[in-house]
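This report concerns only the one structure given below.
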Amino acid sequence: MNLSQILMVLRARWRSAALVMLLVVGSAALLTAIMPRQYSATASVLLDVKSSDPIAGSSMQALAISGYMATQADVLVSERVIEGALRDLKIDKDPKTIARWQAATNGQGDFMNWLYEQTLKHFEVLPSRESNVITISYTDVDPQQSAALVNAIVKSYVATTIELRAEPAKQYNAFFDDRAKELRAALEQAQTRLSTFQRDAGVLVNDERLDVENSRLNELSSQLVTAQAAATESGSRKREGAANPESSQEVLQSPVIASITADLTRQQAQLAQLQTTLGDRNPAVETARANVLEMQTRLKNETAKVQTSLAMNASVYSQKAGELRGSLEAQRAKVLHLKEQRDQAAVLQRDVDNANQAYSAAYSRVGQANMESQSTQTNVSTLRVATVPGAPSRPRVFVNLAVAAAMGLLLAVAVVIVREQRDPRLRSEDDVPALLQQQLFGVLPRGTPPKQREKRELGFSAAARRLIDHERAPRGA
């Protein structure tokens, strides 16, 4: 059956279609009229997710905003928020509500859970996709109750966001407080160890005595080098003087020896002159010879004194070098001991510094956690407060009637098509071969008068019946 045939059937059976449509629309109108009126109250809140936290100083990343909005929507429909609003309005103490629960569950189960589920059926949360606004709607037969419950849910949601932020901060505050006490005790112990060591060792981390002792060590080292050089030189002179006393530098440079040598030379010259002129037996020659011997004895004695002086100098320098070597070793040991003590003090000082840093960080975190635990600020702002609705939101009269009209139209078409299938009629030229399985003889013109058309139709009907009877009759008749 094509569209034109359906239209002809509808035009022919319009009364049936109209009756069906009227019944459907009327039933919908009746149901809409008897349905209880429900009122929807709406509120909206804004979540500030871009501003930085005034306490932590951090801001939310852009990728986490969508998940944050979905989380807040789930928080809005949570039992904690809705049950808090119900308790705030004292709905859980309402005798009618308690009676409804007992009638529905026979007093079985948890009353608040049942009340939460009943509230959730009429509660709707709509997070916006393009903004950070969440719309909250609740539908109830009582318009004042609807508005009051929406506002109570918003209030409970704001309080819950503050509690959800403060509860972990309180736990962190207690944890960091205990940790700060432990770190403070560790800091005091480190300071005590450092003070005890400095008192016992008599050294400070920044003590200048190490620099003084290093200077003394360097000075002793220089003196030792000088003394060793002097001892080596004096030893060489001593050996040279012992091997060749007359030609040693000290002997040659001695003024006494030079004077004695000059006198000896003069006396020897005088002795030689006297021997030449007077002979060996002359008393003057004997006197001159005695003077020469005396001068030679004096020269030997002075030379021996010089050698003794060289030996004494070599011994003094050698002894001084030995003493300086011992002082240098003692000073080196002292400097090393001071360095060890200073290193130990530096280690203890680093322990104190590390303990101080850890304590300062924990104490700072304690202050921040304490501020967060006492914070009453939230990033939720109420944009729209629910007011008592003036008109019901349900039932929707126009929507219900429009849907009923559409359904009535479809049902009317279905009823007309079913009736046409059960009681087919010839309504066009195409129906003759389709329904009668015969060839079409002719079509009456539309302009024929009614009586004449009626006679022709009767004649056409009679001829059609005869043709049908002839076709249905047996072949041998």
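Numbering starts at 1 and runs along the sequence shown.
Residues Q72 and Y157 share a closest heavy-atom pair of OE1-OH, 2.7 Å. Of all heavy-atom pairs between G408 and V20, the closest is O-CG1, 4.3 Å. Between V150 and T42, the closest heavy-atom pair is CG1-C, 4.3 Å. When all heavy atoms of S44 and V133 are compared, the closest pair comes out as CB-CG1, 4.1 Å. The heavy-atom pair separating A405 from V25 by the smallest distance is CA-CG2, 3.8 Å. Of all heavy-atom pairs between I82 and Y116, the closest is CD1-CE1, 3.6 Å.
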Run the numbers on L164 and T161 for side chain to side chain contact (heavy atoms under 4.5 Å, CB included), then give the verdict.
CA-CA 5 Å; L164 291 177; T161 57; 5.6 Å; no
Side chain to side chain contact (heavy atoms under 4.5 Å, CB included) assessment of E83 paired with D92
CA-CA 9 Å; E83 289 182 1; D92 56 331; over 6 Å; no
Using side chain to side chain contact (heavy atoms under 4.5 Å, CB included), reason through W114 and R100 one step at a time and then give a plain yes or no.
CA-CA 10 Å; W114 175 86; R100 285 174 50 205; 4.0 Å; yes
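Side-chain N/O atoms of Y39 and Q145 include no donor and acceptor closer than 3.5 Å. Between the side chains of Q349 and D353, a donor-acceptor pair is found at a separation under 3.5 Å. At a cut-off of 3.5 Å, with distance as the only test, no side-chain donor of S137 or S40 sits close to an acceptor on the other residue.
For the pair R87/M112, a side-chain contact is recorded, criterion being any heavy-atom separation below 4.5 Å from C-beta on. At least one side-chain heavy atom of V154 sits less than 4.5 Å from a side-chain heavy atom of I136. Counting only heavy atoms from C-beta outward, the side chains of L47 and V380 approach each other to under 4.5 Å. Side-chain contact between T382 and K155 is absent, with no heavy-atom pair separated by less than 4.5 Å.
Using a 4.0 Å cut-off between a side-chain N of Lys or Arg and a carboxylate O of Asp or Glu, E188 and R184 qualify as a salt bridge.
Atom CG in L328 sits 5.5 Å away from atom OG in S221 (nearest 0.5 Å). Distance check, rounded to the nearest 0.5 Å: CD1 of I98 to CD of Q102 gives 7.0 Å. Atom CG in L76 sits 8.5 Å away from atom CD1 in I153 (nearest 0.5 Å). Rounded to the nearest 0.5 angstrom, L30 CG and L23 CG are separated by 12.0 Å. L86 contributes atom CG, which lies 5.0 Å from atom CD1 of I91 (distance to the nearest 0.5 angstrom). How far CG of D48 is from CG of L46: 6.5 Å, rounded to the nearest 0.5 Å.
Formation of a donor-acceptor pair under 3.5 Å by the D140 side chain with backbone atoms of D142 is found in this model. A donor-acceptor pair is defined here as one N or O able to donate and one able to accept, closer than 3.5 Å; such a pair exists between the side chain of S156 and the backbone of V81. When atom types are taken as modelled, the side chain of T97 and the backbone of K93 share no donor-acceptor pair closer than 3.5 angstrom. A donor-acceptor pair under 3.5 Å links the side-chain atoms of N151 to the main chain of A386, judged by distance alone. D88 contributes no side-chain N or O that, together with a main-chain N or O of G84, makes up a donor-acceptor pair within less than 3.5 Å.
For the salt bridge (Lys or Arg N to Asp or Glu O under 4.0 Å) test, no residue two or more places apart in sequence or in another chain qualifies with E323. Listed by chain and number, the residues in a salt bridge (Lys or Arg N to Asp or Glu O under 4.0 Å) with R350 amount to none (sequence neighbours excluded). Under the side-chain hydrogen bond (donor to acceptor under 3.5 Å, both in side chains) criterion, R193 pairs with no residue at all, not counting sequence neighbours. For E219, there are no salt bridge (Lys or Arg N to Asp or Glu O under 4.0 Å) partners, not counting sequence neighbours. Scored by the salt bridge (Lys or Arg N to Asp or Glu O under 4.0 Å) test, R80 finds E163, E167 as partners (sequence neighbours excluded).
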Distance-only donor-acceptor hits, side chain of residues 117-125, under 3.5 Å, sequence neighbours excluded:
| from | atom 1 | to | atom 2 | distance (Å) |
| --- | --- | --- | --- | --- |
| T119 | OG1 | L115 | O | 2.8 |

